[in-house]
Structures are given as C-alpha cells and as structure tokens.
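The chains referred to below are lettered A, B, ... by the order of the sequence lines, with proteins before strands, and numbering in each begins at 1.
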Protein chains: 2
Amino acid sequence: MSTFQGARERARREVTAAIKDEARRRVAAEGAPRLSLRAVARELGMASSALYRYFPSRDDLLTALIVDAYDAMGEAAEAGLAAAPRTDPGARWVRVCGAVRDWGLANPHEFGLVHGTPIPGYAAPRDTEQPGVRVPLALLAVAREAHEDGLLGRPAWGVTPEPVRADTKAVAAEFAPELPEPAVAALLAAWAQLIGLVSFEVFGQYNGAITAHEVFFAHAAHRLAVEVGVAAGPAAS
Amino acid sequence: MSTFQGARERARREVTAAIKDEARRRVAAEGAPRLSLRAVARELGMASSALYRYFPSRDDLLTALIVDAYDAMGEAAEAGLAAAPRTDPGARWVRVCGAVRDWGLANPHEFGLVHGTPIPGYAAPRDTEQPGVRVPLALLAVAREAHEDGLLGRPAWGVTPEPVRADTKAVAAEFAPELPEPAVAALLAAWAQLIGLVSFEVFGQYNGAITAHEVFFAHAAHRLAVEVGVAAGPAAS
DNA sequence: CGATTTCAAGAGCACCGCTCTCGTTTTTGA
DNA sequence: TCAAAAACGAGAGCGGTGCTCTTGAAATCG
C-alpha cells in the first residue's frame, strides 16, 4: 500500500527538508562558501556520511538551496505582480521591483546565493534554469500585459542598435511575440540594473551614501519603468 | 645604511608581492572562498606557517587582494576618464563605464572580490574605503566637470523625493558642492545600475539572452548618461 | 662581538569533503 | 510468507584546510 511504501518516502522528504533548513541556517551564519556538511550533520545529530544518502555531494545540496532561492524570489516577484492592477503598469512594475528588493533584504544570504559571486567549478545544472527566469518573466509580464491593454508608452530606451535586435527578437519570440523590440531590450537592461540596485543595498555597497533606502529605491525603480515604457514622465508617484 | 637594512625590507616586499601574485592566481583558479594558504605556500616552495609572517591570517591576505582590486578597478575608471575630452561628457561617461566593464571582464574573480557576495564575518577594514570610492568618484567627476563647463543637461532622473535629498546633499557637500542635487541622486543610482550591468555580464547571468554584449552595454551606459544629465537625447552614438 | 629581532620550518590540533565498509531496517516480488 | 534486494545510519579513514606553538638559523642592532 502507498501508506506503507510511502512511509519511507515521507521520512525521506522530511529528513531532506530538515537538511536543507539546517543548511540554510548554516549559510546564513557562515556563508555559502563555508557551508559544511559535517556541521549540518552534527547539528542534526547524524553521521556526516549519512547526509550523502540525501545529497550526493555538497554541490548538490547547494544546488537545492539555489533552486529554492530562485523559486522563493520568483514567487515574491509574481506576488508583487498580482498585488497591483493591470490598469496601472507603472505601479505594477514598481511593485515587482519592490518585491524583489524586499525578498532580498529579508533573505540576504539566499539572494547572494543566486546573484552573488558564482562558485568556481560549480556549473549550474538545468534544474536552475526554469526557476531562474521567474523574476525577469514577471518584469516582462508587466510590459506584455501593458502592451496588450494599450498602456505601453514609448520606451525612453530609444532605438536599439542593430546587433542587439537579434537577441531581443529571440527573447520576444519565446516569451512575448507581440512586444515591441525596444521594450524588450530596455527590459533586459532594467533587469540587470534592478539587481544592481538590490545588490548594493543587500550587500551594503552604498557605504553610507544612501540612508533613505526605501524612497531612493522606489524612485529608481520608477525611472526604470519609464525606461521600459510602462510608466510615463519623470515625476515620482 | 639603507642599502643594507633595506635588504630585508626589499626581500620582504618581494615575498609579499609573490604571495599576492600566487594568491591571485589561486583565486582565479579556485575562487576566493576556496583560497588556500597551504596551496599558495606549496606553490611558492615554502612552509605554510611561513606565510603567517607576511599575512597574520587568510582574511588579511584577502583584504590585501581586495584593496588591490579596488585600486586596479579605480585606476581603470580614471584612465577611461582621461581618455575622452571634457568637451564631450556623454562620451566620457560611456568611456568610464566601458573601462569598468572591460576591467571586470578581464579580471572576473577580482571583480567578484569587490562586488560579489560579501564574506560573512569579514568586516572590510578602513583600508578598503578610500580605494573603494574611486569608481564612483570617476563617475562623479564626469558630471562635476560637465557642470563646471556648463555642459550638464537636465537630468532625466527628475525631482528627487525629499528624504533622499539629505543623503545627496551630504555626498555633494563632500565631493562636489556645486553639483545639482538630482544629478547626484541619479549618479548614485547609475553607479549601482552600472555594477549590475557589469555583474550580469561577468557572472553570466543573462544566460544567453544577450550575445551582442558590447553594443548592448554601450547603449545601456549611454542611457545612464542621459539619466544623469551628462548626455542628451535617446539616440545612441 | 653579543643581544635582539626576524624569519623558515616542522609538528600538531581540530576541522573539512568524501569514500568505503559493515551491520541494520525496510521494501519488494516470487 | 519469506528470502532477496534495496535503502539506510554509523564508523573509520584519506588527504586536505586554517592556524598555533616550538625550534633553530639568519640578519640586524647596540
């Protein structure tokens, strides 16, 4: 019966979750590079070798944490997307950006896991690709649905240089065939710039130059919206 | 005599430099987190314990590498500043941005050292502060000198929300008292966004969405220039 | 020259990722 | 039902790590 043969599977899921939880705690305390399987095992009261029944290597455990982080960040972005009406793309864009920021500030180490220095010799497996695009897809959804509703303004980005158009056309073809090309190009740049803004705050790179973080970020996010064309005018909210 | 008592000092400087060089090589090969003092010592043919005569701890060695990286990146930015005439602030801005990008692409691991995930438990000492602001100061120099020459246009950034003005005024007071406040605010955001753009490229975060990296970056940098006010119009060069 | 400081080296501690072996428990299938 | 197979936890062990302590040699200083 599935009740019985599921007993082991359920136990396995629980232990797996416990390992990941403890690993997350260790990452928060010591940093991803110093994540120690032995310390996780010690904290869980099991032999270090037993962990290898659940994750064949330390990198596999890290991959699981990365996938979870991508999913959590993507989920936050999608929640931000749903938190504002389609009728106001500018506000929606700022909401999505703010959701990414809030998630990053609440989970700095997990943010570092996906947007910090890549771990050398660690090649992200396919499993991370799909969850890895949830945030940019949420941003793209704002522009796409704004365009569908006739609310997409003229992107401030302007005319994209020729060699880039092949890239943006490929992206558009896969995710938003109707979307004007400049908006796609501006969106990709805005994505990178958004992560830059969040990184600076999460990693403390402003070094004290900015203290009114929230307002500063909101204005910068609004400017990105103007750049993409989902909001108009230089004025803040 | 300084020739004799300098013998030891010179030897010390040479060994110190050799250690840093080898450490940089190891960081490039294995990543900063996995930097191993023992491996450095082994490669240099000395006992691992001997390294501690030069760097009291692994973190101190990392700090030295970080300071060097900041200086190298700052130097590159300043060289970009000098490579274009004051009469064309827009081109100058793009040059500085491009210099930062080029340096990051040429030295990805050192870039990660200063703009990647911070190492937990590692507090950047004062020594890193001054070299750490060379890049933003180069960006600021573009705007400041453009303003001095009457070449600073209206920043697209618009009116900065009130609570941020205290921050920007403090920055302006220290580094560019004459510079209009919106330009300072836009500049700080542009700095973070620039690093975001470079990070995405250096760390491979675009995941294939962009292939015409150079042109894409140049256009994005030009857009940042417009945002700050050192270039006008949406057209690319 | 003698005293003092500087340096390299070795041994050792506690930790790490990972492998292998060895009993034990659970699941499976004839 | 009951043996075969699979999954599991624990322990020992390998080579590696950062770092400390001690020892002895070399360079500098008074």
Presence of salt bridge, B:Arg12 and B:Glu9, under 4.0 angstrom: no
When you look at CZ of A:Arg95, are more than 12 heavy atoms from neighbouring residues, nucleotides or ligands closer to it than 6.0 Å? no
Verify the neighbour count for atom CD of B:Gln130: are there more than 12 heavy atoms of other residues, nucleotides or ligands below 6.0 Å?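 No, CD of B:Gln130 has 12 or fewer neighbouring heavy atoms, counting only those of other groups under 6.0 Å.
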SG-CH2 distance between B:Cys97 and B:Trp191, expressed to the nearest 0.5 angstrom: 13.0 Å
Looking at [X], does any N or O in its side chain come under 4.0 Å of the phosphate oxygens OP1/OP2 on [N]?
{"X": "B:Tyr54", "N": "C:dC7", "result": "no"}
{"X": "A:Arg42", "N": "C:dC16", "result": "yes"}
{"X": "B:Ser48", "N": "D:dC19", "result": "no"}
{"X": "B:Arg12", "N": "C:dC7", "result": "yes"}

Specify the separation, in whole Å, of atom [atom1] of [X] and atom [atom2] of [N].
{"X": "A:Leu51", "N": "C:dC16", "atom1": "CG", "atom2": "C1'", "answer": "13 Å"}
{"X": "A:Arg10", "N": "C:dT26", "atom1": "CZ", "atom2": "C1'", "answer": "14 Å"}
{"X": "B:Arg58", "N": "C:dC15", "atom1": "CZ", "atom2": "P", "answer": "18 Å"}
{"X": "A:Leu37", "N": "C:dT19", "atom1": "CG", "atom2": "P", "answer": "11 Å"}
{"X": "A:Phe55", "N": "D:dC8", "atom1": "CZ", "atom2": "P", "answer": "12 Å"}
{"X": "B:Glu9", "N": "D:dC29", "atom1": "CD", "atom2": "C1'", "answer": "14 Å"}
{"X": "A:Ile19", "N": "C:dG17", "atom1": "CD1", "atom2": "P", "answer": "13 Å"}
{"X": "A:Arg38", "N": "D:dA10", "atom1": "CZ", "atom2": "C1'", "answer": "13 Å"}

For A:Leu61, answer base if it contacts any base atom (sugar-phosphate contacts may also be present), sugar-phosphate if it contacts only those atoms, and nothing otherwise; contact means non-hydrogen atoms under 4.0 Å.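 No contact.
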Base, sugar-phosphate, or nothing: which does A:Leu44 touch, judged by heavy atoms less than 4.0 Å apart?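 If one applies the 4.0 Å heavy-atom cut-off, A:Leu44 turns out to touch nothing in the nucleic acid.
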With no hydrogens and no angle check, is any side-chain donor or acceptor of A:Asn107 less than 3.5 Å from a backbone partner on A:Ala69?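 Such a contact is absent between A:Asn107 side chain and A:Ala69 backbone.
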Quick note, A:Tyr52 side chain, CB onward, closest among D:dC19, C:dC16, C:dC18 is C:dC18
Among the nucleotides D:dG13, D:dC21, D:dC8, whichever has the atom closest to the side chain of B:Ser49 is D:dC21
Residue closer to the 5' end of DNA chain D, A:Met46 versus B:Arg53 (nearest nucleotide):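 In this pair, the answer is A:Met46.
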